[in-house]
Every structure is written in C-alpha cells, then in structure tokens.
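Take a look at the structure below.
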Amino acid sequence: MTRKNLLKRLRQIKIINKGPVKLRSGVASSFYCDIKKAYGYPNVLNALADEIKKKIPAGTTCVAASGYGGIPLASVVSSKLKKKLVLVREAPKKHGMGGYIDGYIPTKKDRVVIVDDVITSGSSIRNTIRALKKINVKASYAVVVVERKKIRLPIPYRSIFNLEEL
C-alpha cells in the first residue's frame, strides 16, 4: 500500500474522533487520534509497519515498545525486520520474574529503537527510555505513526504522519 493510499485508508476508518477527550498526559483535547483502531485491519497494520520500517536507522538491533498503542505495532515491525522485540512495562511486574522488561533483554551493545503510535507530550517514549536506563541500556531513536505536535525528546525521532495530513 502506498503512503498516499494508507493515508486515505486511515481517513476512511476514521482514526480522528472529534469531541472532548482526556489524553494520557491528563490534558483535555477536542479530538482523539486512535491509531489503535487501524490495528483491527491487517492490511492497514502491515502498511503502517512497512512505513515505520523505512524510518528505522541502519544498525538497529532491536525494537522496543510499551503500552497498548506501541506493542502491537512494534511486534509487527520487529517481525518484518527480523529484529529482537523488547516489551517495556511502566511499572515492574510483581509476579513471575518481576522487572520492567519482557521479551528480549537488551544490552549496552544493542541499538534500540522505540516504536509508538502517537506522540503528543512524549510521556510514553520518555517512560520507555527511563525503564531501559534502569537496565543500563540507551534507546537511540524513536519512530511514531502520528506526531500531534513537535516536541523535544532526549533522543531523535521521526513520524510517518503529522496531524495536518490526517
């Protein structure tokens, strides 16, 4: 699917919902960008993963994600790239082996790229960076599907779409 067709498809499935909503950051907004809705359509999910793949820097050794919006997308991306998948929790697990990380446990030698659905305040990516730091691993880059607005992060990032395109 071309980027243009993907954009058309995202509009068709109405990922932008108008109306008052409280965002993850706690901020009130007049609309919600629901990329997770696109995950229900396999061809759209695969097309999103293909677009993310194009933005993953050479030398990346693993893909990391946290949360309901990042993990499904990162799973497809890591599979397509044949890269290890790092699943990051916001709080340490209190059962099993505990800890912040599931899946592949990265090392200092890894080049970790974070994948997420929407960036608004950057809190999800910052939390993922903090969790990785707890195991002495640095994320080098992030890629998101939609950038609601330009923000500063401690790592460089790129997006597939900005809000105006949607």
Side-chain angles (χ1 to χ4, degrees), residues 1 3 6 9-10 13 15 23-26 32-148 151-162:
M1 184 179 307
R3 185 178 186 281
L6 175 57
R9 191 71 179 106
L10 291 173
I13 61 177
I15 62 157
L23 302 175
R24 174 191 156 107
S25 64
Y32 182 68
C33 183
D34 190 3
I35 289 297
K36 292 174 283 303
K37 187 174 187 179
Y39 298 171
Y41 302 85
N43 63 331
V44 178
L45 176 58
N46 275 301
L48 289 171
D50 288 340
E51 290 299 317
I52 293 252
K53 267 179 35 178
K54 294 175 187 175
K55 305 219 184 249
I56 300 282
T60 297
T61 60
C62 53
V63 176
S66 62
Y68 203 64
I71 288 175
L73 184 57
S75 297
V76 177
V77 170
S78 71
S79 181
K80 285 176 172 277
L81 287 171
K82 297 181 178 19
K83 302 292 181 192
K84 295 171 183 139
L85 178 63
V86 181
L87 305 172
V88 181
R89 294 176 175 272
E90 285 193 29
K93 190 166 54 170
K94 297 191 188 313
H95 58 282
M97 300 301 290
Y100 283 91
I101 310 292
D102 289 314
Y104 174 69
I105 310 296
T107 69
K108 289 180 182 181
K109 293 179 182 180
D110 282 301
R111 183 165 174 164
V112 181
V113 172
I114 299 170
V115 169
D116 208 355
D117 59 343
V118 178
I119 189 166
T120 302
S121 67
S123 64
S124 179
I125 291 173
R126 283 188 184 90
N127 289 342
T128 302
I129 291 168
R130 275 194 289 278
L132 291 168
K133 281 184 180 177
K134 290 180 188 299
I135 60 167
N136 297 313
V137 172
K138 287 184 179 181
S140 60
Y141 203 76
V143 182
V144 299
V145 176
V146 177
E147 179 182 60
R148 281 182 61 116
I151 64 159
R152 291 184 52 89
L153 286 175
I155 59 174
Y157 77 94
R158 292 182 70 194
S159 62
I160 297 172
F161 302 110
N162 61 45

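The basis for the numbers below is simple: all heavy atoms, side chains too, and nothing from hydrogens, waters or symmetry mates.
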Side chains of Leu153 and Arg126 in contact at under 4.5 Å (non-hydrogen atoms): yes

Pairwise distance CZ(Arg130) to OG(Ser123) - rounded to 0.5 angstrom: 8.5 Å

Residue pair Ser159 / Val146, side-chain heavy-atom distance below 4.5 Å: no

side-chain contact (heavy atoms from CB on, under 4.5 Å) evaluation trace for Val86 with Tyr104: CA-CA 5 Å; Val86 181; Tyr104 174 69; 3.9 Å; yes

Exercise: identify the closest heavy-atom pair between Cys62 and Lys83: CA-CB, 4.2 Å

Over all atoms of both residues, closest heavy-atom pair of Pro57 and Val113: CD-CG2, 3.9 Å

Distance, nearest 0.5 Å, that separates NZ of Lys80 from CG of Asp50: 3.5 Å

Straight-line distance of Glu147 CD to Asp116 CG, nearest 0.5 Å: 12.5 Å

Any side-chain heavy-atom pair of Ile119 and Tyr157 under 4.5 Å: yes

Nearest non-hydrogen partners of Pro154 and Ile129, listed with the distance: CG-CD1, 3.8 Å

Closest non-hydrogen atom pair, Val88 against Ala131: CG1-CB, 3.3 Å

Nearest non-hydrogen partners of Arg3 and Phe161, listed with the distance: NH2-CD2, 3.5 Å

Side chains of Asp117 and Tyr39, donor plus acceptor under 3.5 Å: no

Donor-acceptor contact below 3.5 Å, side chain Ser79 vs main chain Ser75: no

Sub-4.5 Å side-chain heavy-atom contact between Leu132 and Ile101: yes

Side chain proximity check, Val145 to Val118, heavy atoms < 4.5 angstrom: no

Pairwise side-chain contact, Leu48 with Ile35, heavy-atom cut-off 4.5 Å (strictly under): yes

Donor-acceptor contact below 3.5 Å, side chain Lys84 vs main chain Pro106: no

For Leu73 against Ala49, the heavy-atom pair lying closest together: CD1-N, 4.0 Å

Check: Asp110 side chain, Thr107 main-chain N or O, donor-acceptor pair, under 3.5 Å: yes

Nearest-0.5 Å distance, CD1 of residue Ile114 to CD1 of residue Ile125: 6.0 Å

Residue pair Tyr141, Thr60: steps toward the side-chain contact (heavy atoms from CB on, under 4.5 Å) verdict: CA-CA 9 Å; Tyr141 203 76; Thr60 297; over 6 Å; no

Distance (rounded to the nearest 0.5 Å) between Leu87 CG and Ser66 OG: 9.5 Å

Euclidean distance, Lys108 NZ relative to Asn136 CG, rounded to 0.5 Å: 5.0 Å

pair Ser140-Ile155: side-chain heavy atoms closer than 4.5 Å: no

